[in-house]
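Notes to accompany the following structure.
All ligand and atom numbering here is 1-based and tracks the order in the structure.
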Amino acid sequence: MSDTNNEKVRCLIIGSGPAGYTAAIYASRANLAPVLYEGIQPGGQLTTTTEVENFPGYPEGVTGPQLMEDLKKQAQRFGADIRMGIATATDLSAAPYKVTIDGEKVIETETLIISTGATAKYLGLPDEAKYAGMGVSACATCDGFFYRKKNVAVVGGGDTACEEALYLASLAKQVYLIVRKPYLRASKVMQERVFKAPNITVLFEHNTLGLFGENGVEGAHLVKRKGEPDEELVDIAIDGFFLAIGHKPNSDIFKPWIETDEVGYIKTIDGTPRTKVPGVFAAGDVADPHYRQAITAAGSGCKAAIEAERYLSEHGK
Ligand code: NDP
């Protein structure tokens with residue numbers, strides 16, 4: 001690798017969801033001349049949703065892709081250098097930190113903001129892609145509102161699935177919770193709430209085979225007690241199909257240097273985006289197993305940029 005392939009920057013941001021772009025807005029306005037690499041999915045998870053109605057400042061709502069385009073333009077307006085490219089390796093053993101882009105170019109940076117997000121897990125059924133944005137969702141808080149007084153299903157038996165089912169139960173007519181095991185993995189208190197909700201039906205020992213519908217989801221084909229002698233095929237009529245089987249934080253390339261929890265969420269120092277590596281910050285869903293909202297990601301991106309600015313001035317960089 002030649003040295004001409006290397007570059008030195010003061011602030012490098014990896015990832016282009018609300019956290020990354022907000023960090024870029026703040027860092028560029030603070031004259032840090034940030035460079036942002038967009039990653040595998042420019043614009044992040046929100047580009048796969050349709051209407052966003054809960055991001056403050058858009059009284060009429062906004063599409064996910066438009067919101068991300070607006071954030072990107074706002075960052076570019078102040079000079080953020082936004083580039084296509086994927087971070088493929090890191091060396092955070094000592095500052096300046098080294099991040100390899102697309103397996104070839106190495107960026108040396110004084111501060112690093114990790115905002116690589118998390119990816120919702122899907123079952124892997126072809127119908128999930130077929131009905132993407134037409135009844136299939138991995139975020140009840142984002143899309144639940146569109147299913148007022150309708151019938152929906154949530155897949156999963158953990159805390160997220162219970163939380164999503166309870167949220168949807170407050171809006172929808174009927175919620176089915178599709179659980180592959182004969183019990184819920186969620187905490188007892190969440191389980192009790194689910195069992196008490198009059199309009200949640202828990203379908204234990206059910207797996208999803210596929211979805212059906214003409215112009216969107218109209219139902220799901222399920223199998224009860226798959227592989228057992230009393231295996232049974234069951235169809236349910238639903239308008240929305242919500243996945244809640246976990247998220248995978250995109251933290252793999254940072255793991256040799258940065259502490260993560262057992263799922264892979266980056267651990268930050270409580271209430272801040274600071275990691276244990278000085279000058280390296282984590283913002284948005286990659287460090288947030290709990291809220292996972294565009295606005296909370298944006299807020300943490302802002303905090304990360306402010307931290308980066310302070311770190312640089314404290315270290316005279
Ligand atoms: P979990 O890993 O806890 O649960 C995932 C659920 O999805 C499990 O019930 C699992 O089934 C099921 N599942 C996984 N793959 C499939 C599949 N292919 N088909 C069908 N079902 C599948 O993830 P969560 O997102 O629920 O929670 C992550 C962490 O965040 C947990 O520690 C949780 O406690 C925490 N959390 C806490 C909250 C709170 O305190 N309010 C709210 C939300 C999350 P199985 O049980 O059979 O493996």
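Under a 4.0 Å criterion applied to the non-hydrogen atoms of K181, ligand 1 contributes the atoms 45 (P), 46 (O), 47 (O), 48 (O).
Put simply, atom 40 (O) of ligand 1 has no protein non-hydrogen atoms near it, under 4.0 Å away. Atom 17 (C) of ligand 1 is flagged as protein-proximal [any protein heavy atom, distance under 4.0 Å]. Protein heavy atoms are absent from the 4.0 Å sphere centred on atom 32 (O) of ligand 1.
On a distance-only criterion, R292 and ligand 1 share no N/O pair closer than 3.5 Å. Residue R185 places at least one N or O, backbone or side chain, under 3.5 Å from an N or O of ligand 1. Any N or O atom pair closer than 3.5 Å counts here, and G157 shares at least one such pair with ligand 1.
Among all protein heavy atoms, the one lying closest to atom 30 (O) of ligand 1 is P289 O, 4.6 Å. Closest protein heavy atom to atom 11 (O) of ligand 1: R180 NE, 3.3 Å. Among all protein heavy atoms, the one lying closest to atom 34 (O) of ligand 1 is D159 OD2, 2.6 Å. For atom 23 (O) of ligand 1, the closest non-hydrogen atom of the protein is G246 CA, 4.0 Å. The protein heavy-atom contact nearest to atom 7 (O) of ligand 1 is I245 CA, 3.4 Å.
Residue Y183 places its OH atom among 12 or fewer non-hydrogen atoms of other residues, nucleotides or ligands, all under 6.0 Å distant. For NZ of K224, the number of neighbouring non-hydrogen atoms (other residues, nucleotides, ligands) closer than 6.0 Å is 12 at most. Counting non-hydrogen atoms of other residues, nucleotides and ligands closer than 6.0 Å to OH of Y291 gives a total of 12 or fewer.
A salt bridge does not link E164 to R292: none of the charged side-chain nitrogens sits closer than 4.0 Å to a carboxylate oxygen. Ion pairing between E110 and R10 fails under the 4.0 Å rule for side-chain N and carboxylate O.
Residues Y21 and Q76 have side chains that never bring a donor and an acceptor to within less than 3.5 angstrom of each other.
Only one option out of K181, R180, K226, R225 pairs with E205 in a salt bridge (charged side-chain N to carboxylate O under 4.0 Å, His left out); it is R225.
Between D285 and H247, the closest side-chain pair of non-hydrogen atoms is not below 4.5 Å. Residues N54 and I295 fail the side-chain proximity criterion, which asks for heavy atoms closer than 4.5 Å.
Among T160, L177, V263, the residue whose heavy atom lies nearest to atom 26 (O) of ligand 1 is T160.
Residue-level proximity to ligand 1 for L123 is carried by the side chain, the only part with a heavy atom below 4.0 angstrom.
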